[in-house]
Amino acid sequence: MPELPEVETVRRTLLANIIDKKISKVSLYYQGNIRSPKPDLFCELLKNKIFRDIQRRGKFLIFYLSSGLVLIVHLRMTGQLVYLDSRKSLEKHTHLVFSLQGGMDLRYLDIRKFGTFDLLKEEELESFKSLQQLGLEPLSSSFSSQKFKEKARGRGKNLKALLLDQSTVAGIGNIYADEILFKVGFHPEMSTKNLTELNLEQLHRSIVDVLKLGVRYRGTTFRNYVDGEGKYGQFQDLLNVYGRKGEPCFRCGAEIRKTRVAGRGTYYCPQCQPNP
DNA sequence: AGTCAAACCTGGGCGC
DNA sequence: TGCGCCCAGGTTTGAC
(Lines give C-alpha, C1' and ligand atoms only; values in the text may rest on other atoms or scores of the structure.)
Protein backbone atom coordinates (compact mmCIF):
# COMPACT_ATOMS: atom_id res chain seq x y z
CA MET A 1 0.00 0.00 0.00
CA PRO A 2 2.41 2.64 -1.09
CA GLU A 3 1.38 6.09 0.06
CA LEU A 4 3.40 9.29 -0.04
CA PRO A 5 6.21 8.19 2.32
CA GLU A 6 6.64 4.86 0.53
CA VAL A 7 6.57 6.41 -2.96
CA GLU A 8 9.05 9.09 -1.84
CA THR A 9 11.36 6.39 -0.48
CA VAL A 10 11.17 4.46 -3.75
CA ARG A 11 11.96 7.69 -5.59
CA ARG A 12 15.02 8.38 -3.48
CA THR A 13 16.38 4.85 -3.63
CA LEU A 14 15.93 4.65 -7.40
CA LEU A 15 17.38 8.11 -7.92
CA ALA A 16 20.58 6.93 -6.30
CA ASN A 17 20.85 4.04 -8.75
CA ILE A 18 19.32 4.57 -12.17
CA ILE A 19 20.10 8.15 -13.10
CA ASP A 20 22.09 8.41 -16.35
CA LYS A 21 21.56 4.70 -16.99
CA LYS A 22 20.41 3.66 -20.44
CA ILE A 23 17.62 1.16 -21.04
CA SER A 24 19.09 -1.46 -23.35
CA LYS A 25 16.04 -3.71 -23.43
CA VAL A 26 12.41 -3.68 -22.32
CA SER A 27 10.74 -7.02 -21.50
CA LEU A 28 7.01 -7.03 -20.90
CA TYR A 29 5.44 -10.13 -19.32
CA TYR A 30 1.99 -8.73 -18.55
CA GLN A 31 0.35 -5.98 -20.56
CA GLY A 32 -2.41 -4.99 -18.15
CA ASN A 33 -0.38 -2.36 -16.29
CA ILE A 34 0.43 -0.39 -19.43
CA ARG A 35 -2.24 2.26 -19.92
CA SER A 36 -0.68 4.33 -22.68
CA PRO A 37 0.49 4.07 -25.35
CA LYS A 38 -0.19 0.54 -26.64
CA PRO A 39 2.20 -1.99 -25.06
CA ASP A 40 4.26 -2.59 -28.22
CA LEU A 41 4.84 1.10 -28.77
CA PHE A 42 5.48 1.62 -25.05
CA CYS A 43 8.38 -0.86 -25.14
CA GLU A 44 9.74 0.41 -28.44
CA LEU A 45 9.76 4.03 -27.32
CA LEU A 46 11.58 3.28 -24.07
CA LYS A 47 14.38 1.31 -25.65
CA ASN A 48 17.73 3.14 -25.64
CA LYS A 49 16.38 6.00 -23.54
CA ILE A 50 18.28 7.29 -20.53
CA PHE A 51 16.83 8.05 -17.08
CA ARG A 52 17.48 11.71 -16.35
CA ASP A 53 15.44 12.50 -13.24
CA ILE A 54 12.70 11.17 -10.97
CA GLN A 55 10.09 13.33 -9.33
CA ARG A 56 7.02 12.58 -7.27
CA ARG A 57 3.56 14.11 -7.19
CA GLY A 58 1.21 12.64 -4.57
CA LYS A 59 1.55 8.89 -5.02
CA PHE A 60 2.74 9.17 -8.64
CA LEU A 61 6.33 8.67 -9.71
CA ILE A 62 7.43 10.74 -12.69
CA PHE A 63 10.48 9.50 -14.59
CA TYR A 64 12.10 11.99 -16.95
CA LEU A 65 13.88 10.31 -19.83
CA SER A 66 16.03 11.41 -22.74
CA SER A 67 14.30 12.57 -25.95
CA GLY A 68 11.72 14.45 -23.89
CA LEU A 69 9.80 11.40 -22.74
CA VAL A 70 8.11 11.13 -19.37
CA LEU A 71 7.04 7.89 -17.70
CA ILE A 72 4.32 8.17 -15.07
CA VAL A 73 3.96 5.24 -12.68
CA HIS A 74 1.39 4.59 -9.97
CA LEU A 75 2.09 1.57 -7.76
CA ARG A 76 -1.50 1.36 -6.46
CA MET A 77 -1.61 -1.34 -3.78
CA THR A 78 1.09 -3.90 -4.43
CA GLY A 79 3.34 -2.44 -7.12
CA GLN A 80 7.10 -2.59 -6.56
CA LEU A 81 9.90 -1.01 -8.55
CA VAL A 82 13.19 -2.65 -7.69
CA TYR A 83 16.74 -2.12 -8.91
CA LEU A 84 18.73 -5.33 -8.85
CA ASP A 85 21.30 -7.54 -10.55
CA SER A 86 20.02 -8.80 -13.89
CA ARG A 87 21.44 -12.26 -13.13
CA LYS A 88 18.88 -12.74 -10.36
CA SER A 89 16.03 -14.98 -11.50
CA LEU A 90 12.70 -13.34 -12.19
CA GLU A 91 10.47 -13.46 -9.13
CA LYS A 92 6.81 -14.38 -9.41
CA HIS A 93 4.59 -11.42 -10.40
CA THR A 94 7.36 -9.71 -12.38
CA HIS A 95 5.51 -7.92 -15.15
CA LEU A 96 8.06 -5.57 -16.67
CA VAL A 97 11.85 -5.47 -16.79
CA PHE A 98 14.05 -2.61 -17.96
CA SER A 99 17.50 -4.04 -18.66
CA LEU A 100 19.98 -1.29 -17.94
CA GLN A 101 23.41 -0.90 -19.42
CA GLY A 102 25.96 -2.29 -16.98
CA GLY A 103 24.21 -5.52 -15.95
CA MET A 104 21.48 -4.20 -13.67
CA ASP A 105 17.69 -4.28 -14.03
CA LEU A 106 14.86 -2.05 -12.99
CA ARG A 107 11.98 -4.48 -12.47
CA TYR A 108 8.29 -3.98 -11.87
CA LEU A 109 6.44 -6.53 -9.72
CA ASP A 110 2.80 -6.32 -8.80
CA ILE A 111 0.81 -9.11 -7.13
CA ARG A 112 -2.56 -7.58 -7.78
CA LYS A 113 -1.74 -5.97 -11.12
CA PHE A 114 -3.43 -2.65 -10.29
CA GLY A 115 -0.41 -0.44 -10.96
CA THR A 116 -0.35 1.86 -13.99
CA PHE A 117 2.25 3.05 -16.50
CA ASP A 118 1.76 5.98 -18.87
CA LEU A 119 4.42 7.15 -21.28
CA LEU A 120 4.01 10.71 -22.51
CA LYS A 121 5.91 13.49 -24.19
CA GLU A 122 7.05 16.12 -21.73
CA GLU A 123 4.71 18.72 -23.23
CA GLU A 124 1.72 16.42 -22.58
CA LEU A 125 2.48 16.28 -18.88
CA GLU A 126 0.59 19.46 -18.09
CA SER A 127 -2.66 18.12 -19.52
CA PHE A 128 -2.33 14.63 -18.04
CA LYS A 129 -5.58 14.21 -16.16
CA SER A 130 -4.45 11.99 -13.29
CA LEU A 131 -1.87 14.60 -12.26
CA GLN A 132 -4.08 17.59 -12.99
CA GLN A 133 -6.69 16.41 -10.52
CA LEU A 134 -4.25 16.28 -7.61
CA GLY A 135 -4.51 18.76 -4.78
CA LEU A 136 -1.84 20.26 -2.54
CA GLU A 137 1.55 18.60 -2.14
CA PRO A 138 1.85 18.18 1.63
CA LEU A 139 5.65 18.07 1.95
CA SER A 140 6.32 21.00 -0.35
CA SER A 141 7.28 24.32 1.19
CA SER A 142 4.14 25.86 -0.26
CA PHE A 143 1.83 23.64 1.83
CA SER A 144 0.86 26.33 4.28
CA SER A 145 -1.81 26.14 6.90
CA GLN A 146 -3.60 28.94 5.04
CA LYS A 147 -3.67 27.07 1.73
CA PHE A 148 -4.86 23.92 3.44
CA LYS A 149 -7.67 25.78 5.14
CA GLU A 150 -8.82 27.28 1.85
CA LYS A 151 -8.70 23.96 0.01
CA ALA A 152 -10.16 21.77 2.73
CA ARG A 153 -13.02 23.96 3.84
CA GLY A 154 -16.34 22.30 3.15
CA ARG A 155 -14.79 19.29 1.40
CA GLY A 156 -15.72 15.70 2.06
CA LYS A 157 -18.23 14.34 4.46
CA ASN A 158 -15.97 13.50 7.38
CA LEU A 159 -12.30 13.77 8.26
CA LYS A 160 -11.37 10.33 6.97
CA ALA A 161 -12.92 11.04 3.57
CA LEU A 162 -11.26 14.46 3.50
CA LEU A 163 -7.78 13.03 4.08
CA LEU A 164 -8.25 10.29 1.47
CA ASP A 165 -9.43 12.79 -1.15
CA GLN A 166 -6.42 13.23 -3.45
CA SER A 167 -7.82 16.42 -4.95
CA THR A 168 -7.54 18.20 -1.60
CA VAL A 169 -4.16 16.95 -0.36
CA ALA A 170 -2.27 14.44 -2.52
CA GLY A 171 -0.51 11.36 -1.18
CA ILE A 172 -2.37 10.31 1.95
CA GLY A 173 -3.77 6.76 1.97
CA ASN A 174 -5.51 4.58 4.48
CA ILE A 175 -2.63 3.95 6.88
CA TYR A 176 -1.39 7.53 7.22
CA ALA A 177 -4.94 8.92 7.33
CA ASP A 178 -5.63 6.92 10.50
CA GLU A 179 -2.27 7.86 12.03
CA ILE A 180 -2.77 11.56 11.24
CA LEU A 181 -6.18 11.55 12.93
CA PHE A 182 -4.86 9.73 15.98
CA LYS A 183 -2.02 12.20 16.40
CA VAL A 184 -4.36 15.18 16.34
CA GLY A 185 -6.99 13.38 18.44
CA PHE A 186 -9.90 13.72 15.99
CA HIS A 187 -12.48 11.01 15.40
CA PRO A 188 -12.45 9.74 11.77
CA GLU A 189 -16.21 10.30 11.45
CA MET A 190 -16.05 13.89 12.66
CA SER A 191 -17.94 16.08 10.18
CA THR A 192 -15.90 18.53 8.13
CA LYS A 193 -18.78 20.98 8.26
CA ASN A 194 -18.15 22.27 11.75
CA LEU A 195 -14.37 22.30 11.64
CA THR A 196 -13.02 25.43 13.28
CA GLU A 197 -10.01 27.38 12.06
CA LEU A 198 -8.06 25.90 14.93
CA ASN A 199 -9.15 22.34 14.05
CA LEU A 200 -7.88 22.83 10.49
CA GLU A 201 -4.59 24.25 11.69
CA GLN A 202 -4.11 21.28 14.01
CA LEU A 203 -4.97 18.87 11.21
CA HIS A 204 -2.51 20.61 8.88
CA ARG A 205 0.24 20.25 11.48
CA SER A 206 -0.53 16.56 11.96
CA ILE A 207 -0.48 15.83 8.21
CA VAL A 208 2.97 17.36 7.87
CA ASP A 209 4.38 15.76 11.02
CA VAL A 210 3.13 12.24 10.32
CA LEU A 211 4.12 12.20 6.64
CA LYS A 212 7.58 13.58 7.43
CA LEU A 213 8.06 10.92 10.07
CA GLY A 214 6.89 8.30 7.58
CA VAL A 215 9.53 9.43 5.10
CA ARG A 216 12.21 9.55 7.80
CA TYR A 217 11.42 5.92 8.65
CA ARG A 218 11.41 4.97 4.97
CA GLY A 219 7.74 4.03 4.79
CA THR A 220 5.51 1.32 6.23
CA THR A 221 5.85 -2.35 5.33
CA PHE A 222 2.52 -3.75 6.43
CA ARG A 223 2.28 -6.41 3.74
CA ASN A 224 4.19 -6.07 0.50
CA TYR A 225 5.97 -2.75 0.38
CA VAL A 226 9.69 -2.59 -0.40
CA ASP A 227 11.77 0.37 -1.57
CA GLY A 228 13.77 0.67 -4.79
CA GLU A 229 16.52 -1.51 -3.33
CA GLY A 230 14.15 -4.22 -2.10
CA LYS A 231 14.36 -3.11 1.55
CA TYR A 232 11.50 -2.94 4.04
CA GLY A 233 10.30 0.27 5.63
CA GLN A 234 10.46 0.94 9.38
CA PHE A 235 7.36 3.00 10.09
CA GLN A 236 5.23 -0.07 10.90
CA ASP A 237 7.03 -0.05 14.26
CA LEU A 238 5.66 3.43 14.95
CA LEU A 239 2.02 2.84 14.05
CA ASN A 240 -0.28 3.95 16.85
CA VAL A 241 -3.62 2.69 15.54
CA TYR A 242 -3.47 1.15 12.06
CA GLY A 243 -3.68 -2.64 12.26
CA ARG A 244 -3.90 -2.58 16.06
CA LYS A 245 -7.54 -3.61 16.60
CA GLY A 246 -8.10 -4.85 20.17
CA GLU A 247 -4.62 -3.80 21.30
CA PRO A 248 -4.11 -1.16 24.00
CA CYS A 249 -3.58 2.46 22.98
CA PHE A 250 0.02 3.45 23.68
CA ARG A 251 -1.18 6.81 25.02
CA CYS A 252 -4.15 5.89 27.22
CA GLY A 253 -4.45 2.12 27.32
CA ALA A 254 -7.95 1.93 25.82
CA GLU A 255 -8.63 -0.79 23.24
CA ILE A 256 -8.09 0.32 19.63
CA ARG A 257 -11.27 -0.09 17.59
CA LYS A 258 -11.83 -0.89 13.96
CA THR A 259 -14.78 0.41 11.98
CA ARG A 260 -15.60 1.28 8.40
CA VAL A 261 -15.46 4.92 7.34
CA ALA A 262 -15.53 6.25 3.77
CA GLY A 263 -15.50 2.64 2.59
CA ARG A 264 -12.19 1.87 4.29
CA GLY A 265 -11.14 -0.13 7.30
CA THR A 266 -10.52 2.55 9.92
CA TYR A 267 -8.66 2.26 13.22
CA TYR A 268 -8.92 4.73 16.07
CA CYS A 269 -8.66 5.07 19.84
CA PRO A 270 -12.13 5.66 21.32
CA GLN A 271 -10.65 7.59 24.23
CA CYS A 272 -8.01 9.73 22.49
CA GLN A 273 -10.33 10.36 19.53
CA PRO A 274 -13.75 10.83 21.12
CA ASN A 275 -16.85 10.58 18.97
CA PRO A 276 -18.07 14.07 18.07
C1' DA B 1 -22.51 17.97 -6.72
C1' DG B 2 -21.42 14.68 -3.91
C1' DT B 3 -21.59 10.27 -2.18
C1' DC B 4 -21.36 5.45 -2.75
C1' DA B 5 -20.59 0.86 -4.70
C1' DA B 6 -18.48 -1.87 -8.11
C1' DA B 7 -14.63 -3.13 -10.76
C1' DC B 8 -9.82 -4.12 -11.45
C1' DC B 9 -6.74 -8.51 -9.06
C1' DT B 10 -4.30 -12.02 -5.89
C1' DG B 11 -3.15 -13.87 -1.49
C1' DG B 12 -4.03 -14.63 3.21
C1' DG B 13 -6.95 -15.67 6.98
C1' DC B 14 -11.01 -17.58 8.59
C1' DG B 15 -14.85 -21.02 9.43
C1' DC B 16 -16.40 -25.42 8.55
C1' DT C 1 -6.18 -30.80 4.61
C1' DG C 2 -8.91 -28.18 1.72
C1' DC C 3 -12.63 -25.63 0.08
C1' DG C 4 -15.26 -21.41 -0.22
C1' DC C 5 -15.83 -17.02 1.44
C1' DC C 6 -14.42 -12.48 2.72
C1' DC C 7 -11.17 -8.89 3.25
C1' DA C 8 -7.17 -5.95 2.11
C1' DG C 9 -7.25 -0.69 -0.54
C1' DG C 10 -5.96 3.34 -4.83
C1' DT C 11 -8.29 4.94 -8.43
C1' DT C 12 -11.78 5.17 -12.07
C1' DT C 13 -16.31 4.68 -13.52
C1' DG C 14 -21.11 4.65 -13.33
C1' DA C 15 -25.37 4.99 -10.66
C1' DC C 16 -28.37 7.52 -7.72
Side-chain angles (χ1 to χ4, degrees), chain A residues 1-11 28-36 39 56-62 72-81 90-96 108-118 127-135 137-138 151-181 188-195 211 214 219-226 233 235-236 239 241-247 256-268:
Chain A
M1 294 157 266
E3 305 177 31
L4 187 151
E6 290 77 33
V7 178
E8 178 61 20
T9 305
V10 171
R11 186 187 77 84
L28 186 61
Y29 302 100
Y30 173 76
Q31 301 196 342
N33 299 109
I34 313 300
R35 281 207 309 197
S36 68
R56 179 191 56 73
R57 179 82 172 92
K59 300 169 193 169
F60 288 86
L61 283 167
I62 305 168
I72 301 170
V73 181
H74 197 300
L75 303 171
R76 297 288 178 99
M77 260 101 74
T78 54
Q80 303 178 345
L81 275 170
L90 289 194
E91 274 187 74
K92 199 176 172 185
H93 308 300
T94 301
H95 304 319
L96 175 62
Y108 180 70
L109 296 85
D110 191 347
I111 296 170
R112 292 170 71 178
K113 302 180 173 171
F114 286 178
T116 61
F117 286 71
D118 288 277
S127 57
F128 186 66
K129 206 175 155 198
S130 304
L131 292 180
Q132 257 183 345
Q133 292 168 342
L134 295 179
E137 192 58 46
K151 193 87 176 175
R153 196 170 286 124
R155 289 242 195 171
K157 195 185 173 201
N158 53 49
L159 291 188
K160 179 75 182 238
L162 175 71
L163 291 180
L164 291 176
D165 175 11
Q166 302 299 300
S167 68
T168 305
V169 176
I172 300 167
N174 205 36
I175 296 175
Y176 292 93
D178 285 1
E179 295 300 315
I180 287 164
L181 290 175
E189 286 173 288
M190 181 174 165
S191 169
T192 56
K193 287 206 182 88
N194 24 16
L195 280 174
L211 292 178
T220 304
T221 301
F222 197 78
R223 289 199 175 80
N224 304 294
Y225 166 74
V226 292
F235 195 70
Q236 62 276 10
L239 295 176
V241 286
Y242 187 85
R244 298 195 63 243
K245 180 188 174 185
E247 293 174 42
I256 302 300
R257 286 195 193 151
K258 185 184 182 189
T259 56
R260 208 160 179 85
V261 184
R264 300 277 177 268
T266 298
Y267 300 85
Y268 69 101

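The chains referred to below are lettered A, B, ... by the order of the sequence lines, with proteins before strands, and numbering in each begins at 1. Below, each value reflects all heavy atoms present in this structure, side chains not excepted, and no hydrogens, waters or symmetry copies.
- With hydrogens and angles ignored, a donor-acceptor pair under 3.5 angstrom links the side chain of R112(A) to the base of dA8(C).
- Nucleic acid contact class of G265(A) (heavy atoms, under 4.0 Å, all strands): sugar-phosphate only.
- Protein atom CD of Q133(A) is 16 Å distant from nucleotide atom P of dG10(C), rounded to whole Å.
- OP1 or OP2 of dT11(C) has at least one side-chain nitrogen or oxygen of H74(A) nearer than 4.0 Å.
- Ranking dC9(B), dG11(B), dT11(C) by closeness to the Y30(A) side chain, first place goes to dC9(B).
- Between the P atoms of dA1(B) and dT11(C), the separation comes to 23 Å (whole Å).
- Heavy atoms of T78(A) sit nowhere under 4.0 angstrom from any nucleic acid atom.
- As judged by a 4.0 angstrom heavy-atom cut-off over every strand, K129(A) is placed among residues making no nucleic acid contact.
- Counted within 6.0 Å of CD on E91(A), heavy atoms from surrounding residues, nucleotides or ligands total 12 or fewer; the atom is thus considered open.
- In this structure, the separation between CZ on R56(A) and OG1 on T9(A) is 9.5 Å, given to the nearest 0.5 Å.
- Of the candidates dC9(B), dG10(C), dC4(B), the closest approach to any side-chain atom of K157(A) belongs to dC4(B).
- K151(A) NZ: more than 12 foreign heavy atoms inside a 6.0 Å radius.
- If you check every strand for non-hydrogen atoms under 4.0 Å, R260(A) touches sugar and phosphate atoms only.
- Atom NZ in K193(A) sits roughly 10 Å away from atom C1' in dG2(B) (whole-Å rounding).
- Along DNA chain B, the nucleotide closest to K92(A) and the one closest to R76(A) are compared, and the more 5′ of them pairs with R76(A).
- Of the candidates dT11(C), dG10(C), dT10(B), the closest approach to any side-chain atom of E3(A) belongs to dG10(C).
- Considering only side-chain atoms of R35(A), the nucleotide from dG10(C), dA8(C), dT12(C) that sits closest is dT12(C).
- dA6(B) and dC6(C) have their P atoms separated by 12 Å, given to the nearest Å.
- dC9(B) has no base stacking with the ring of F114(A) when judged by centroids under 5.5 angstrom apart and an interplanar angle below 30°.
- When only modelled atom types and interatomic distance are considered, E3(A) and Y225(A) share no side-chain donor-acceptor pair under 3.5 Å.
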